[in-house]
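Input: a single structure, listed below in structure tokens.
Basis for what follows: all heavy atoms, side chains included, without hydrogens, waters or symmetry-related copies. Note that ligands are numbered from 1 as they come in the structure, with each ligand's atoms numbered from 1 the same way.
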Amino acid sequence: MPSLRLKEGRDRSVRRRHPWVFDSAVDRVEGDPTPGATVDILSAHDEWLARASFSPPSLIRARIWTWDAAEQVGPDLIARRWHSARAAREKWIQPGLVNAFREVNAESDGLPGIIVDRYGPFRVVQITTAGAEAWRDRLVELIASEDGIQGVYERSDVDVREREGLETRTGILAGEGPPDLVEIQEYGLRFGADLRAGQKTGFYLDQRENRRLLPSLVHGADVLDCFAYTGGFSVAALSGGAGHVLAVESSGQALAIAKENLARNGHAQDHWEGRQADVFEELRRLRDRGQSFDVVILDPPRFAPTSAQVDRAARGYKDINLLAFKLLRTGGLLVTFSCSGGVEPALFQKIVAAAALDAGVEARIQNWLGQPADHPVAMAFPEGRYLKGLVCRVG
Ligand code: SAH
């Protein structure tokens, strides 16, 4: 078996079961592994540490499949991990209440490079690493053997594939292709999700529990929903009796689906306005016009995918949070998120605190929010925690 031999003293993170082997920790590659091939990870003293997949062009040079010398990397390993990920979801998913969730969350479910999202009878598969590429067919076989599957669709169209030397891939993997919008159920709300071309795999499944919290915060409120996408928070706000929601979003396509999503949930358009605009600019316009709100939601895209872009990201978060604080009436709520893996929760809280200070408002945090149970974080893989949110009360 080809192997990666680590530099002296660089074996600690592997021993602690962190699933990534960085380029900088590798002393040399032995044998001639092809991209995605299984390699042994060895210490500088020739001890066997783990079995991993090899990604020659990536800074994450290898991703670990197993730390158990007796466990072979093959179809059985994929099946075991799949069944265990599925079993974990069975324990908390309430049938009839939620039918869209993440079934496989990559490293945190022991399947690096593999994401599987369920949308009712459809599954969306995303493969992001060279190592995972080899197991596409096995995965589809496992998924397709479940009851009630109408189709499996691939959305391997993410930038990270480029870093692995992989091309974009989308299309039907099994069964039927999904319709333009697949209707999903979420705690009594319904949403149409575009699995073929929507963002992520079609819907922000990771915000489910935060959307569930929102109705309890917005009764009678004037709400500003920034970065609204297909109206997840807008619909949740209206279902909680919000007086009016202004949704700001740069994608016209997303706003068109948002409008449909309101109708799906029985809301007339007269309590909702979708505005296609840049949030950074729109927040300034609203401020200049002296407008104010009871609740402002900020759910921006990732400003910092990795720690390298943290400073720039911090400025972006500070800017929008400061403006949002200025738009809030006394007693109002800021519901603010960051999904940047590179911005840690403590830093995010500091940025929001600095924004409140500069906006001249007194605020207190009343809820700390995060990602749901179907987006678990492996104990040794803190990088898996990316979504954090704060609910702050002003005045
Ligand atoms: N809150 C949504 C998810 C938001 S994702 C939900 O729960 O479903 C971030 C959204 O911000 C995307 O829809 C993206 O199109 C939009 N976006 C990105 N940059 C933007 C900008 N500068 N101004 C307005 N919208 C932006």
Side-chain angles (χ1 to χ4, degrees), residues 98 100-102 117 119 158-159 181-184 186-187 189-195 197-215 217-218 223-240 242 245-262 264-265 272-286 295-305 309 312-313 315-321 323-324 334-341 343 369-372 374-375 386-391:
V98 170
F101 55 91
R102 179 150 293 186
D117 285 343
Y119 290 90
V158 283
D159 300 345
L181 292 177
V182 174
E183 184 170 281
I184 60 165
E186 192 181 278
Y187 299 124
L189 305 180
R190 299 150 186 268
F191 296 103
D194 175 0
L195 309 192
Q199 296 180 26
K200 298 258 249 184
T201 58
F203 200 61
Y204 285 82
L205 300 172
D206 55 358
Q207 287 285 21
R208 178 189 324 105
E209 304 303 318
N210 302 325
R211 277 190 289 271
R212 189 188 196 188
L213 172 75
L214 196 67
L217 305 174
V218 296
V223 177
L224 176 61
D225 177 10
C226 296
F227 308 97
Y229 188 47
T230 54
F233 283 117
S234 289
V235 169
L238 290 170
S239 80
V245 179
L246 171 58
V248 183
E249 162 63 46
S250 58
S251 157
Q253 223 169 349
L255 278 178
I257 299 176
K259 209 166 177 177
E260 272 192 57
N261 281 335
L262 294 196
R264 259 178 224 278
N265 292 278
W272 182 82
E273 184 193 341
R275 194 172 288 174
Q276 189 175 0
D278 177 85
V279 167
F280 291 83
E281 292 167 11
E282 188 60 27
L283 288 171
R284 289 183 164 75
R285 266 196 294 273
L286 292 166
V295 176
V296 177
I297 300 160
L298 296 176
D299 185 20
R302 263 190 325 176
F303 291 160
Q309 302 95 332
R312 224 187 103 245
R315 284 195 295 278
Y317 289 122
K318 172 92 179 283
D319 185 40
I320 55 176
N321 281 279
L323 288 160
L334 173 64
V335 183
T336 181
F337 295 97
S338 158
C339 60
S340 298
V343 175
L369 309 178
Q371 60 205 63
D374 52 327
H375 291 63
Y386 64 96
L387 181 62
K388 52 262 159 209
L390 299 169
V391 180

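- Ring centroid separation for the pair Phe233 and Phe337 comes in under the 6.0 Å cut-off.
- Lys200 and Asp117 are not joined by a salt bridge, as no carboxylate oxygen comes within less than 4.0 angstrom of a charged side-chain nitrogen.
- For atom 17 (N) of ligand 1, the nearest non-hydrogen atom from the set Ser234, Gly252, Ser250 comes from Ser250.
- Taking any N or O of Ser251, backbone or side chain, none lies under 3.5 Å from an N or O belonging to ligand 1.
- Salt bridge Arg285/Glu282: present, at least one basic N to carboxylate O contact under 4.0 Å.
- By the 3.5 Å distance cut-off applied to N or O atoms, Gln207 is not counted among the residues near ligand 1.
- Taking distance alone, with nitrogen or oxygen atoms compared against 3.5 Å, Tyr204 stays at or beyond that limit from ligand 1.
- Taking 4.0 Å as the cut-off between side-chain N and carboxylate O, Arg284 and Asp278 do not count as a salt-bridged pair.
- Classified by interplanar angle (parallel below 30°, tilted 30° to 60°, perpendicular above 60°), the ring pair Tyr229/Tyr204 is perpendicular.
- In summary, the atoms of ligand 1 found under 4.0 Å from a heavy atom of Val279, numbered by their order in the structure, are 21 (C), 23 (N), 24 (C).
- Here CG of Asn261 is found 7.5 Å from CG of Leu181. Values are rounded to the nearest 0.5 Å.
- At a threshold of 4.5 Å between non-hydrogen side-chain atoms, the residues Leu246 and Leu286 count as touching.
- No part of Glu282 comes within 4.0 Å of ligand 1, judged by heavy-atom distances.
- At least one heavy atom of Pro301 sits closer than 4.0 Å to an atom of ligand 1.
- Note that CD of Glu273 and CG of Leu255 are 10.0 Å apart. Values are rounded to the nearest 0.5 Å.
- Side chains of Thr201 and Tyr119: a donor on one and an acceptor on the other come within 3.5 Å.
- Near Ala277, meaning under 4.0 Å from one of its heavy atoms, ligand 1 places the atoms 23 (N), 24 (C).
- At the shortest separation from atom 12 (C) of ligand 1 among protein heavy atoms lies Gln199 OE1, 3.1 Å.
- Heavy atoms of Glu281 stay at 4.0 angstrom or farther from ligand 1.
- The environment of CD in Gln253 is sparse: at most 12 heavy-atom neighbours from other residues, nucleotides or ligands sit within 6.0 Å.
- Remark: ligand 1 atoms within the under-4.0 Å shell around heavy atoms of Arg211 are 6 (C), 7 (O), 8 (O).
- Checking only distances, Thr230 never comes within under 3.5 Å of ligand 1, N or O to N or O.
- Although no hydrogens or angles enter the test, the distance criterion places a donor-acceptor pair under 3.5 Å between the side chain of Arg208 and the main chain of Ala100.
- Within ligand 1, counting atoms from 1 as listed, the ones closer than 4.0 Å to a heavy atom of Tyr229 are 2 (C), 3 (C), 4 (C), 8 (O), 13 (O).
- Here the side chain of Ser340 pairs no donor or acceptor atom with the backbone of Val343 at under 3.5 angstrom.
- Atom numbering of ligand 1 starts at 1 in the shown order; those under 4.0 Å from a heavy atom of Phe233 are 1 (N), 7 (O).
- Not a single heavy atom of Gly231 sits under 4.0 Å from any atom of ligand 1.
- Within the 4.0 Å heavy-atom cutoff, Asp278 counts among the residues contacting ligand 1.
- Scanning the protein for heavy atoms near atom 2 (C) of ligand 1, the closest one is Asp299 OD2, 3.4 Å.
- Scanning all protein heavy atoms for the shortest distance to atom 15 (O) of ligand 1 gives Glu249 OE2, 2.6 Å.
- For atom 4 (C) of ligand 1, the nearest non-hydrogen atom of the protein is Phe227 O, 3.1 Å.
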